[in-house]
Amino acid sequence: MTSNQSDVTSEQAETTTVHPLQEFADSVAAAVGGEAEITFDTVKVHVPAERWVEALTTARDDLGFGYFSFLSAIEWTNDPAVGYPLTDEVEERIEVICTVGDVFEGRRVTFSTDLPVDSPTIASLVDVYAGANWHEREAHEMFGIHFEGHPNLIHLYLPEGFTGNPLRKSFPLLSREVKPWPGDVDVEAMPTEGGDAAADEPSTENPEA
Amino acid sequence: MSIDADTIRHLSEVSVSVELQTEDMTLNIGPQHPSTHGVLRLVARVDGERAFDVQPVIGYMHRGYEKLAEVRTYPQITTIVNRIDWVAGYANEIPFITAAEKIMELEVPPRAQYIRLILTEMARICSHLVFMASYPLELGAASPLFFALRERERVLDLLEGVTGGRFHPNFNRIGGVKPAYGSGSMTRKWVQDLPAGFYRDTRAAMDRVLEVCDELDNLVAGNEIILARTKGVGVIPVDVAASYGLSGPNLRASGVPFDLRKMEHYLPYDELDWNVVTGTNGDCYDRWWCRLQEIRESAKMIQQAIDQVPEGPIQAKVPKVIKVPKGETYVRAENPKGEMGYYLVTDGGNGPYRVKIRSASFSNLSILPWALEGALIPDIIAIMGSLDFVLGDVDR
Amino acid sequence: MELLTDLMSNFWIALVLKLLVVALIIPLIGMVIGFAEMKLSAKMQARVGPYFAGGRWGWAQLIADGVKFFQKEDLIPRDADRPVFKVAPIVVMAGTVALFVVIPWGPGVIFRDLDIGIFYALAISSLTTVGVLMAGWASGNKYSLIGGLRAAGQLIAYELPLVFSAVAVVIMAGTMSMQGIVEAQVSAGYPFVLLQLVGFVVFMIAALAELSRIPFDLPIAESELVMGYLTEYSGFRFLFFFLAEFANMFSMSAIAVTLFLGGWHLPGIPADVLEFAGPLILIGKSFLLVFAMIWFRWTFPRVRQDQLQSLAWKWLIPISLANVILTGVFKVVL
Amino acid sequence: MSSRTVPGSGLWKGMWVLLYTMVRTIFKPKKYLATVNYPKVKETPVARARGVIALDQEACTVCMLCARNCPDWCIYIEGHKEEIPPDKPGGRIKVRNKLDRFDIDYALCMYCGICVEVCPFDALFWSPEYEYSEAQMGDMMHDMDKLQDWLATVPDQPELEK
């Protein structure tokens with residue numbers, strides 16, 4: 001019924017020095033008191049953990065970001081038990097990310113904050129965005145983050161009594177450990193007469209090996 | 001036994017309560033129930049037919065794709081993201097592939113982009129037709145199911161004819177769509193471009209889709225019983241919808257033109273002439289109506305797009321082994337169910353460091369406790385069905 | 001023919017014969033209608049429908065289904081009220097069988113032409129709902145209970161318009177005997193539906209509700225209550241409900257035909273032919289109504305409980321009451 | 001959106017759709033029937049359909065690429081080196097890899113097609129055959145001879161859209 005020809009806000013990245021979203025990112029960062037960063041067209045504003053709820057309340061009330069997209073976390077660790085390791089040394093931490101936006105122009109900002117790896121605790125966003133309820137429950141069971149003030153912080157996906165935080169990098173992926181990797185058997189050198197395939201190394205390495 | 005004056009006065013003042021004291025009953029709907037689309041479970045406190053405090057219990061289908069993605073290479077991940085929202089498997093690949101391409105700073109050839117657009121819209125039509133099929137069934141009408149699924153089958157055949165998979169196409173590659181199989185000597189391996197007759201069949205199929213939209217209009221839209229069951233039921237205002245993260249047709253039915261196809265510019269949607277469908281009331285009927293109109297819009301979009309498919313390569317130059325450089329990005333796209341996005345953290349390896357999958361149905365479903373407060377049991381089914389969720393998309 | 005009359009004169013032989021007819025006819029009619037529902041619904045949805053059992057058209061599908069039901073384990077839930085759970089299908093079936101007693105198949109072909117035929121028919125048709133309520137209560141399942149109570153609420157609401165629309169016909173015919181009503185239409189020269197169109201429509205809507213067919217299948221409501229009062233039933237007990245549903249469809253249609261569409265009579269057919277053709281005509285007319293019920297079943301969605309009740313109390317009962325009053329006034333005036 | 005019309009007209013419109021569908025399905029089943037009598041009549045899958053993976057044993061060089069790229073780890077390969085005598089006297093002795101075992105566990109396979117795609121020697125193909133369900137999950141493991149049998153069902157290359 002309604003045709004929406006609204007303006008483009010996240011334009012394609014151009015090879016200029018100033019990213020088209022830079023101004024927007026700076027204004028958001030100034031409003032909430034954080035540091036803005038643009039990574040591949042994603043505006044990311046880093047705020048201190050103690051100002052988390054305050055920053056998102058500002059985003060909702062003053063900046064008009066009423067749309068709650070998602071909340072999750074990333075565990076930065078130098079020694080993952082599962083998956084691909086990082087190339088550079090990082091500060092070990094749990095980074096909580098939360099993307100909010102507005103529904104009229106499609107602007108969006110990812111807020112992030114750092115928590116310690118041991119017993120990470122942060123205030124709950126449920127009173128700011130009702131939709132944060134399930135996302136925080138998910139982050140709680142997957143990363144072991146405690147959300148203070150959450151009304152119902154119980155397991156969402158996992159059964160009652162499940163111990164461990166599956167998305168932590170220290171949590172083993174059992175299905176990949178109980179079975180030997182079939183690719184490990186009879187390791188032949190790559191055939192040399194296979195066209196351009198020969199130039200490459202075997203494309204998959206067993207991450208656990 | 002004597003009765004003193006106080007007791008008599010007290011008894012005369014007692015007003016007889018006509019309100020019958022009834023006990024609440026806890027009704028467990030699901031995980032095995034005809035209308036929970038799989039394995040959703042609702043625990044409802046019901047007083048007669050009216051339900052209070054409905055709590056969805058999810059996780060029966062949690063497969064841990066975010067963890068699985070951490071131990072897989074990029075080409076392998078597209079096979080598992082197919083399975084998130086399986087009624088529109090193709091559409092799930094787009095944001096993931098776009099995210100990886102964004103970090104690799106790849107330019108996708110226009111022909112590949114058009115093929116992606118056509119197939120995505122086909123996936124959208126399939127997904128919405130499944131809703132067209134299942135929603136009247138939840139209200140008790142069985143026949144629209146077969147009308148909708150008949151046309152969906154036609155569209156799925158087209159999707160399968162191009163990609164080889166009905167539900168899980170795995171057709172996108174970083175840098176384009178699937179290139180030729182292998183590089184060996186035999187000729188039986190095929191170049192995975194559009195097969196002959198695709199344009200003709202697609203035109204015919206889109207005509208049939210538009211026709212079945214009219215049939216569904218007649219079967220469902222005018223039906224007085226359907227109107228009585230859905231109009232004014234499950235009204236979700238815009239601000240509540242947005243704060244719960246509702247997206248897609250569920251949010252547009254409330255009257256917001258929130259369509260990421262217009263907002264995020266990830267495929268050449270701007271080169272086509274189409275409208276964002278919005279409803280007015282945000283009730284169950286509007287959500288149904290929005291999806292029906294979106295099928296029509298998508299069919300028209302495909303009809304335009306197949307006339308405009310440019311010539312050229314379908315795959316950008318990429319190394320044989322895909323390695324994505326260090327970076328972080330959130331890319332979202334308009335899935336049939338709503339906003340589907342991937343927060344991709346990469347670090348130069350064969351696989352990602354972390355993938356956060358933002359699926360539409362998860363957020364759409366999280367509004368259930370709010371929307372079902374005080375609803376009648378039949379309305380629980382009507383409201384739940386109108387949100388059009390897929391459990392694979394909820395549980396991931 | 002004489003042999004038959006001789007046999008029928010012996011009470012016991014007649015009883016056994018009648019029982020046999022009942023035992024054969026009711027499952028047969030149930031199966032024919034069940035099969036018609038499967039096949040017609042398939043065609044309405046551009047499907048093939050059953051095609052495997054019995055070779056051509058899958059004609060033996062329902063026989064195969066019946067055999068399957070008999071092979072199944074007889075399950076009774078632990079929390080069920082066992083005696084009531086077992087009796088409920090029998091009560092439903094008994095109501096169905098008893099309804100066939102007063103259906104006039106042809107001139108003189110009726111099991112028992114009661115003076116209060118229509119009264120008996122409407123009274124006995126509620127018996128099935130009692131069986132449904134029993135089934136819902138005894139299953140010890142919350143869905144069954146809700147289904148059973150919905151059935152009871154539906155019965156109370158829709159018995160009234162059903163009776164009122166029949167009363168108007170009784171006023172026109174001047175008798176409550178089922179044969180008498182048909183003969184009144186024969187002598188009047190037209191089926192009562194011409195004057196009682198409103199009554200007919202109300203009767204059919206109420207009959208659909210009594211039968212809990214879509215759009216009034218709230219007691220079963222598979223998308224809400226799983227299978228309603230049938231949730232815990234399986235095997236031959238479920239078969240009883242299943243056959244009773246289809247046989248009831250037929251008997252309700254037959255009563256509607258008798259009341260409104262001239263029963264076994266078709267104008268222009270001589271009386272001696274009617275002796276034999278009567279049952280066929282009745283079955284033919286009833287199957288038309290059954291077809292309409294199947295047609296509704298696959299087109300319409302289900303109404304909600306509050307809408308169901310408001311339809312009955314706010315519309316059907318006032319309309320049918322007004323119809324009774326109008327009919328009475330015209331009967332007296334004319 | 002629909003405006004207020006005669007009450008019941010919406011009900012009738014729906015009934016009309018079913019009526020004409022029924023009539024045309026009965027009288028013109030060939031054109032309007034959407035389903036088929038499955039075991040008697042079969043629909044032909046499209047040529048690209050990913051039904052079952054066929055193996056050309058001769059072409060396989062035991063390079064393990066498919067097994068390594070499989071996301072589900074459902075391909076099991078074993079092989080050994082074998083010396084081939086020279087074609088003409090005085091020629092070089094060739095060494096080639098001989099396939100001993102090539103099993104695909106279709107109970108695990110998710111039909112993604114990565115193995116077919118990465119195979120550099122055209123030893124793996126997709127066939128649209130789909131009727132190979134088994135009563136036991138263990139029987140879904142197809143060995144190399146069974147996979148070789150599927151090769152006969154691999155269709156020719158279809159034409160491409162101009």
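Residue numbers start from 1 in every chain, and the chains themselves are labelled A, B, ... in the order their sequence lines are given, proteins ahead of strands.
Within the 4.5 angstrom heavy-atom criterion, atoms from both the backbone and the side chain of A:H135 approach chain B. Looking at B:E66, the atoms closer than 4.5 Å to chain A (heavy atoms on both sides) sit in the backbone and in the side chain alike. Using a 4.5 Å cut-off between heavy atoms, A:P159 does not touch chain B at all. Heavy-atom distances place no part of A:I38 under 4.5 Å from chain B, backbone and side chain included. For A:T99, the part sitting under 4.5 Å from any heavy atom of chain B is the side chain, from C-beta outward, and nothing else. Residue A:L71 touches chain B through its backbone alone, counting heavy-atom pairs closer than 4.5 Å. If you measure heavy-atom distances from A:F171 to chain B, the contacts under 4.5 Å come from both the backbone and the side chain. Contacts between A:S69 and chain B at a heavy-atom distance below 4.5 Å involve backbone atoms as well as side-chain atoms. Contacts between B:Y343 and chain A at a heavy-atom distance below 4.5 Å involve the side chain alone, from C-beta outward. Heavy atoms of A:R137 lying under 4.5 Å from chain B are absent altogether. With a 4.5 angstrom heavy-atom cutoff, B:K356 touches chain A only via side-chain atoms. In this structure, chain B has no heavy atom under 4.5 Å from any part of A:E37.
The aromatic rings of A:H155 and A:H140 are tilted relative to each other, their planes meeting at an angle between 30° and 60°.
A salt bridge is absent between A:R60 and B:D239: the closest approach of a Lys/Arg side-chain nitrogen to an acidic carboxylate oxygen does not fall below 4.0 angstrom. The existence of a salt bridge linking A:R108 and B:E264 is confirmed by a sub-4.0 Å separation between a basic side-chain nitrogen and an acidic carboxylate oxygen. For B:E334 and B:R252, the salt-bridge test passes: some basic side-chain N is under 4.0 Å from an acidic carboxylate O. For the pair B:R291 and B:E297, the salt-bridge criterion is not met [side-chain N within less than 4.0 Å of a carboxylate O]. A salt bridge does not link A:E95 to B:R354: none of the charged nitrogens lies less than 4.0 Å from a carboxylate oxygen.
Ranked by heavy-atom pairs under 4.5 Å with chain B, the first of A:N133, A:I74, A:D102 is A:I74. When B:V394, B:L365, B:L251, B:I367 are compared by the number of non-hydrogen pairs under 4.5 Å with chain A, B:L365 comes out ahead. Heavy-atom pairs under 4.5 Å with chain B peak, among A:I97, A:T110, A:V128, at A:I97. Among A:F65, A:Y129, A:Y67, A:F68, the residue making the largest number of heavy-atom pairs under 4.5 Å with chain B is A:Y67. Most heavy-atom pairs under 4.5 Å with chain A: of the set B:G59, B:P369, B:G255, B:S243, this distinction falls to B:S243.
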Could you give me the CA-CA distance, side-chain angles and deciding distance for B:R396 and B:D85, then say whether salt bridge (Lys or Arg N to Asp or Glu O under 4.0 Å) is met? CA-CA 8 Å; B:R396 309 191 295 276; B:D85 169 10; over 6 Å; no

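For B:K262 and B:W274, the positive end sits near the middle of the six-membered ring, less than 6.0 Å away and at most 45° from its axis. No cation-pi contact links B:K326 to B:Y353, judged by a cut-off of 6.0 Å to the six-membered ring centre and 45° from its axis.
Proximity of the aromatic rings of B:Y330 and A:F40 is defined here by a centroid distance below 6.0 angstrom, and this criterion is not met.
A side chain to side chain donor-acceptor pair (under 3.5 Å) with A:T77 holds for exactly one of A:R93, A:K169, A:E92; it is A:E92.
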